[in-house]
Structure formats: structure tokens, C-alpha cells
Amino acid sequence: MENEQFEQRRAKLDELRDLGLNPFANDFKPAHLAKDLISKYGELSQEDTEGLADDFSLAGRVMAIRDFGKSLFFHIADRSGRIQGYIKKDVVGEDEHKAFKKFVDLGDFVGIKGKLFKTRTGELTLNVTEYKFLTKSLHPLPEKWHGLKDVEVRYRQRYLDLVSNPEIKEIFLTRSKIIKLIRGFLDERDFVEVETPILHPIAGGAAARPFETHHNALDLDLVLRIAPELYLKRLVVGGIERVYEIGRTFRNEGVSTQHNPEFTMMELYQAYATYEDLMDMTEELICHISHEIKNTLKFEYGDVEIDMTRPWKRMDISESLREELGEKILSDDKELFKKADSLGIDHKGIRGKAITEIFESLFEEKLINPTFVYGFPLDISPLARKNEENPEITDRFELYIFGREIANAFSELNDPVDQKERFENQIELKNKGEMEVHEMDQDYVTALEHGMPPTAGEGIGIDRLVMLFTNSPSIREVIFFPHLRP
RNA sequence: GAGCCGUUAGCUCAGUAGGUAGAGCAACUGCCUUUUAAGCAGUGGGCCGCAGGUUCGAAUCCUGCACGGCUCACCA
């Protein structure tokens with residue numbers, strides 16, 4: 001498999017060992033970071049740098065080398081950024097100079113010590129007095145100018161992507177920051193972060209096909225969770241009145257720019273709150289993130305501007321359909337299903353499904369700025385509280401941004417008798433041919449029978465949120481190792 | 001799962017009247033003590049994704065397969 005360059009590096013590694021030098025030494029402690037030195041001393045003049053100490057030390061991966069015979073320049077990258085180093089024969093000595101030229105390749109890790117100075121071109125540079133081989137890289141780095149482009153290699157060998165494409169690293173740092181902001185926001189509001197099981201006996205909390213697995217010792221079929229919902233609400237029953245979980249969720253469905261079989265969801269539950277309270281809190285949370293990440297509420301996603309200025313638009317499904325299609329669409333089932341058929345919707349005679357999907361096909365992609373859609377039909381919302389005025393709909397909303405569903409929330413159904421009936425109705429839908437329905441979870445009903453205080457809950461798709469704030473066109477750009485065929 | 005597109009050196013890419021491969025970077029050998037996509041001279045490096053087929057001859061045309069991308073369907 002190995003090529004010429006690999007063999008050359010392999011030979012250098014052996015030669016280093018023969019010389020008594022450890023090519024994988026781990027006894028160098030860098031005291032400084034590239035970025036810190038540049039922000040601290042980058043503006044000094046050449047003269048000012050002369051007064052600085054001579055014991056700066058850094059470690060990192062060699063990203064560029066420019067050899068001038070008796071001296072050479074190189075850049076190393078550490079976790080903070082890049083800084084230039086300078087090796088001069090007169091300074092490090094003839095043998096060390098020669099060894100650096102001979103043994104240090106692009107991609108290797110080195111530790112360097114020395115004195116800072118400004119080059120003629122004004123770049124802060126470490127004039128190396130001592131250096132140390134830290135790790136030999138046996139493969140060459142991707143091309144320095146174009147970086148790594150091959151998407152397959154980028155995903156399969158993400159480390160190469162991170163090394164050679166700094167903007168990719170930024171995306172993931174932003175992802176981490178967003179999750180930290182969410183935690184901070186909720187912690188401040190007295191929410192408790194918890195972990196609930198990923199292995200479930202019943203795929204509950206959503207309507208989706210699960211991954212199936214098996215517990216050998218118990219000889220028990222299990223599924224990977226499709227939502228943490230029912231467990232989090234059991235915790236509300238137990239008195240954890242404000243609770244959230246950020247975690248991986250698994251759905252056995254197609255892969256696309258918007259879907260990965262495992263994705264990250266944040267779910268929260270707040271006792272004594274309604275779905276309307278959660279609309280307000282969602283606005284606050286996402287605007288908070290926008291301020292922190294983007295410094296503004298208006299930013300570009302692709303070539304479209306998104307304006308997050310509050311208050312966000314709220315759209316009633318029935319009202320919107322009535323305005324667009326006339327009164328009969330809701331009063332006359334024949335009219336409704338005819339329209340659904342004409343849009344190619346596979347409604348299976350389920351009213352709620354027809355209504356929701358007609359709405360989505362007509363409006364979804366137009367919902368660029370954040371929009372709360374509410375008024376979801378009862379039969380497709382089996383865990384949501386019935387609306388007090390209109391028993392056909394639930395107190396539920398979905399948040400759309402850039403035509404994508406970002407969040408789903410509702411006032412929770414806490415009436416155990418109603419909940420049981422709803423589960424039973426799901427079985428009817430299944431009989432109509434709907435494959436993805438909520439499964440009966442008697443244990444959850446029992447929990448409700450012990451009393452869950454009035455509660456509102458919400459799930460937010462973290463990956464999609466990160467896509468939005470990092471201007472990423474595909475979910476694969478915000479997941480380190482997206483699902484690919486092995 | 002369907003349609004369209006892609007797969008050539010370590011990387012980024014060229015390469016069709018079908019005549020067994022090129023550039024830049026990287027590498028190797030030299031020269032060069034303030035460069036930054038350093039420069040100059042020279043050298044090496046390729047089952048052209050895999051397997052068949054057509055042909056005197058295939059990176060190039062045809063078929064199948066693998067992997068990837070985009071669009072569509074379902075969803076968050």
C-alpha cells in the first residue's frame with residue numbers, strides 16, 4: 001500500500017532511532033501558545049522585541065517549511081493557531097541545523113524554544129535556540145494551498161480535514177460553544193441536566209423507525225432511543241420540575257444533507273409552563289445564541305438573510321390553510337383528501353396527517369425567518385395536551401427557520417386516561433397503514449397515573465441549529481464523523 | 001430506495017476524432033542566512049475506483065459493481 005513518501009519518512013524514523021533520538025518523545029512541556037504570543041507581542045516593533053525574554057517555548061505540527069540553505073523558516077500549528085519559527089545555523093549550531101533540515105517533514109510535531117523577533121516583513125517569529133522531535137508523521141499533509149477537498153476523505157479521515165482546513169475546525173468549535181450556551185442558559189433558569197437510557201424496551205416519544213438491538217444476558221430485544229421524551233417526563237413526575245438532556249438520538253431512516261441516523265437533540269421539560277411560555281423562552285434562547293455567536297440577529301445563511309428580531313411570527317395551521325385554500329378545505333373531508341392527493345401526499349385517510357402535510361408543502365419552504373407554527377391536529381400529536389377551546393387540535397408548536405423544522409414543543413398531556421386512549425388511537429392509525437406511529441407504553445401511563453404536574457416540553461435539533469449558525473449546507477459539516485458506508 | 005453527476009501521482013486538478021498519461025504543490029539531489037503559495041536547476045513517483053465487454057489498440061466507448069456528491073421521498 002505504501003508509497004515513496006511513506007517509505008522515505010519511515011527511513012528517517014529509523015535513522016532518528018539509530019542516532020539515539022526518540023521520534024515520539026514526550027518530555028517537552030510547551031509554556032506558550034501561538035495565539036497568545038501573537039496577541040501579546042505581535043504589535044511590538046523590531047526594537048521592542050529585543051528586550052523580551054529568550055525562553056519562549058511552543059509545540060505543534062509543522063505546517064510549512066521554507067529552506068534557505070543556512071537558515072530556514074517554518075510554521076507550526078498548536079491548538080490556538082500558527083506561529084513562525086526561524087532556524088539559523090549560527091544560532092542552533094551546525095549539527096542541529098542539519099538535523100532539522102534532514103529529519104523534520106511537513107506534518108511532524110516539534111517542540112521549540114527561543115527568542116521572539118520581528119522579521120523584515122513584520123511577522124512575529126521565534127528564533128529557535130533549541131528544538132525537539134516530538135512525533136514523526138509518516139504520511140504527507142494534504143496540499144498546503146487548496147487544503148483537502150475530497151469530501152469522502154474529509155469525512156472518513158476527519159483529522160486531516162481539521163489539520164488542513166482551519167475553517168472546518170472553526171465550525172466544530174462553534175458547535176461546542178453553542179452547546180455550552182444552551183447549558184448556561186438552562187442552568188441559569190434552574191434546569192437540571194440529566195442522562196436517561198439510550199437502550200429502550202419500547203421506541204417511544206416520537207414516530208420513527210428505530211435501530212434494533214439485543215441484550216444477550218437477558219435475552220431481551222431493545223431499541224436505541226428515538227427520543228428521550230417519555231423518560232424525561234417520568235422525572236418530572238418524580239419532582240424534577242425543570243429538566244433537560246442533550247444527547248444522541250437514533251432514527252433508522254434515510255441519510256441526507258438534513259439527516260444523520262444518529263443526531264443530537266436537546267429536550268427540556270418545565271412544570272407549570274405552557275407551550276406559549278416555551279415560545280417565549282425559545283426566542284430568548286436562540287436570540288441569545290445568535291448574539292453570542294454572530295454578534296447580531298441578522299445574518300446570512302447561504303445567500304439568504306435571516307432576521308431573528310423578536311417577536312417571531314406565529315402561524316396557525318388551520319387559519320393559514322383557510323386563507324390559502326378556502327373554508328371547505330377544513331369543513332369537507334372530501335375536499336381535504338382531494339387536495340392532499342393532488343399534492344401527492346400519502347395521507348392514508350388520516351385527517352391530521354393530510355392537514356399537516358398540505359400545510360408543509362404549501363408553506364414550509366417559505367418560513368425563512370423564525371416562525372412558530374401551531375394548531376397541530378390531535379391525531380398526529382398523541383403526547384400533546386388537547387386545546388381547551390378546540391378539541392381537534394393540541395397546544396403544540398413547531399419552530400421553523402430557513403424552511404427547516406428546528407424545534408417541536410407542546411404543553412404535555414398529563415391526563416393518564418386520555419393518554420391511554422391516545423396510544424390506543426395510534427394503533428388505529430397503524431391499522432390504516434401508517435407505519436410510523438407512537439407505541440403504547442403502559443409503564444409511562446402508570447407514571448402519569450401517579451400525577452405529572454402541568455408541564456410543557458420541547459425538543460431542539462442541535463445539528464440543524466449549528467448548521468444555521470455556521471452557515472453549513474449539510475448536516476455532515478457539523479458532525480465530526482457522519483454516517484458513511486464502511 | 002429512484003434519477004443525475006463524479007472517482008487519474010500523497011494532495012489539488014488537466015487529459016475524447018480511442019494510439020498504453022501531464023501540471024502545480026508535496027517528495028528526493030543540489031544552490032541560496034529575513035521567507036511566507038519563497039526562488040532556481042535536476043530527479044523519482046501512476047493496476048487512470050473494481051470487474052467484464054467492444055477493438056489491432058481503452059483513462060477515453062459499452063455493461064455491471066463499489067464508494068461518494070447533489071436532487072427527490074420520510075423525518076429532527
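Please read these numbers as outputs of a predicted model, since none were measured by experiment. Throughout, a chain's letter reflects where its sequence line sits, starting with A, and its residues are numbered from 1.
- Considering every non-hydrogen atom in both A:G114 and A:T129, the closest pair reads CA-OG1, 3.6 Å.
- OP1 and OP2 of B:C67 both lie 4.0 Å or more from every side-chain N or O belonging to A:R156.
- In this structure, A:K88 and A:A407 both approach RNA chain B, and ranking their closest nucleotides by distance from the 5' end singles out A:K88.
- Aromatic rings from A:F410 and A:Y275 are positioned such that their centres are separated by 6.0 Å or more.
- Nearest to the side chain of A:R476, among B:C11, B:C28, B:C70, sits B:C70.
- Per the geometry, NZ belonging to A:K12 stands 11 Å off C1' belonging to B:A26, to the nearest Å.
- The A:R485 side chain lies nearest to B:G68 when the options are B:G68, B:C70, B:C28.
- The separation of B:A41 from B:G53, taken at their P atoms, amounts to 47 Å, rounded to a whole angstrom.
- For A:D379 and A:R422, the salt-bridge test fails: no basic side-chain N is under 4.0 Å from an acidic carboxylate O.
- Screening residues 368-377 of chain A for side chain to side chain donor-acceptor pair (under 3.5 Å) gives no qualifying pairs among residues at least two apart or on separate chains.
- Nearest nucleotide to the side chain of A:D90, out of B:U34, B:U33, B:A26: B:U33.
- Among the heavy atoms of the strands, none lies under 4.0 Å from A:L141.
- Applying the side-chain hydrogen bond (donor to acceptor under 3.5 Å, both in side chains) rule to A:T125 yields the partners A:Q84; only residues at least two apart in sequence or on another chain are considered.
- At a cut-off of 3.5 angstrom, the base of B:U7 holds no donor-acceptor pair with the side chain of A:E152.
- Salt bridge A:E94/A:K88: absent, no basic N to carboxylate O contact under 4.0 Å.
- A:F74 places its CZ atom 19 Å from the C1' atom of B:A26, with the value rounded to the nearest Å.
- Atom pair A:R154:CZ and B:U12:C1' shows a separation of 14 Å (rounding to whole Å applied).
- When the nearest nucleotides of RNA chain B are assigned to A:S71 and A:G147 by heavy-atom distance, the more 5′-ward of the two goes with A:G147.
- Heavy-atom contacts from other residues, nucleotides or ligands closer than 6.0 Å to CG of A:D90 number more than 12.
- Residue A:I460 is out of contact with every strand shown, counting any heavy-atom pair closer than 4.0 Å.
- In this structure, the salt bridge (charged side-chain N to carboxylate O under 4.0 Å, His left out) partners of A:E193, at least two apart in sequence or on a different chain, are A:R183.
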_Show, in sequence, the C-alpha distance, side-chain angles and deciding distance for A:D95 and A:K98, and conclude whether the salt bridge (charged side-chain N to carboxylate O under 4.0 Å, His left out) test is met._
CA-CA 5 Å; A:D95 291 349; A:K98 216 164 141 186; 5.8 Å; no
Could you run down the sub-3.5 Å N/O contacts of the protein with nucleotides 71-75 of chain B?
unit_1	atom_1	unit_2	atom_2	d
B:C75	O2'	A:E253	OE1	3.4
B:C75	N1	A:H259	NE2	3.3
B:C75	O2	A:H259	NE2	2.2
B:C75	O2	A:R464	NH2	3.2
B:C75	N3	A:H259	NE2	2.6
B:C75	N3	A:R464	NH2	3.4

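- Taking atom C1' in both B:C47 and B:A9, one finds a spacing of 14 Å when rounded to whole Å.
- The listed nucleotides are B:U35, B:C13, B:U33; the one nearest the side chain of A:E123 is B:U35.
- Scored by the side-chain hydrogen bond (donor to acceptor under 3.5 Å, both in side chains) test, A:T470 finds A:S472 as partners (sequence neighbours excluded).
- A:N260 comes within 4.0 angstrom of a nucleotide base, judged by non-hydrogen atoms across all strands.
- A centroid separation of 6.0 Å or more is found between the aromatic rings of A:F423 and A:H438.
- The gap from the C1' atom of B:G10 to that of B:G46 amounts to 12 Å, rounded to the nearest Å.
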Heavy-atom contacts, protein to nucleotides 37-47 of chain B, under 4.0 Å, summarised as B (base), S (sugar-phosphate only) or - (none) per nt, yield BB-----BS--
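- Of the residues in residues 44-61 of chain A, none has a non-hydrogen atom less than 4.0 angstrom from any atom of RNA chain B.
- Distance, A:K98 NZ to B:C32 P: 14 Å, rounded to whole Å.
- Taking every heavy atom of residues 157-166 of chain A and every atom of RNA chain B, no pair lies under 4.0 Å.
- Here A:Y86 lies in heavy-atom contact (under 4.0 Å) with a base.
- Residues forming a side-chain hydrogen bond (donor to acceptor under 3.5 Å, both in side chains) with A:E428 (at least two apart in sequence, or on another chain): none.
- For RNA chain B, the stems formed by at least three consecutive Watson-Crick or G-U pairs, with both atom-pair distances below 3.5 Å, span B:1-7 with B:66-72, B:10-13 with B:22-25, B:27-31 with B:39-43, B:49-53 with B:61-65.
- At the heavy-atom level, A:K102 lies nowhere under 4.0 Å from the strands shown.
- Rounded to whole Å, the P atom of B:A14 lies 11 Å from the corresponding atom of B:G6.
- Partner of A:F469 under the ring pair (Phe, Tyr, Trp, His ring centres under 6.0 Å) criterion, chosen from A:F299, A:F402, A:Y301: A:F299.
- If you take CZ of A:F103 and P of B:C28, they are 12 Å apart, rounded to a whole angstrom.
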Contacts under 3.5 angstrom, residues 52-64 of chain A side chains, donor-acceptor by atom type, not counting sequence neighbours:
unit_1	atom_1	unit_2	atom_2	d
A:S57	OG	A:A31	N	2.9
A:R61	NH1	A:G107	O	2.9

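- Under a cut-off of 6.0 angstrom, the local environment of CZ in A:R209 is sparse, with at most 12 non-hydrogen atoms contributed by other residues, nucleotides or ligands.
- For A:L148, taking side-chain heavy atoms from C-beta onward, the closest of the listed nucleotides B:U33, B:C28, B:U12 is B:U12.
- For A:D14, the salt bridge (charged side-chain N to carboxylate O under 4.0 Å, His left out) criterion is met by A:R10, not counting sequence neighbours.
- The side-chain contact (heavy atoms from CB on, under 4.5 Å) with A:F100 is formed by just one residue from the set A:D67, A:I87, A:V128; it is A:I87.
- Distance check on atom P: B:C28 versus B:G44 gives 16 Å, rounded to whole Å.
- Atoms CZ (A:R209) and P (B:G1) sit 11 Å apart, rounded to a whole Å.
- Rounded to whole Å, the C1' atom of B:G24 lies 27 Å from the corresponding atom of B:C67.
- Distance check on atom P: B:C48 versus B:C61 gives 16 Å, rounded to whole Å.
- Heavy atoms from other residues, nucleotides or ligands lying under 6.0 Å from CD of A:Q46 number more than 12.
- The two atoms that bring A:R251 and A:M265 nearest to each other are NH2-CE, 4.1 Å, heavy atoms only.
- The P atoms of B:C25 and B:U7 are separated by 23 Å, rounded to the nearest whole Å.
- Here B:U34 presents its C1' atom at 15 Å from CG of A:L116, a figure rounded to the nearest Å.
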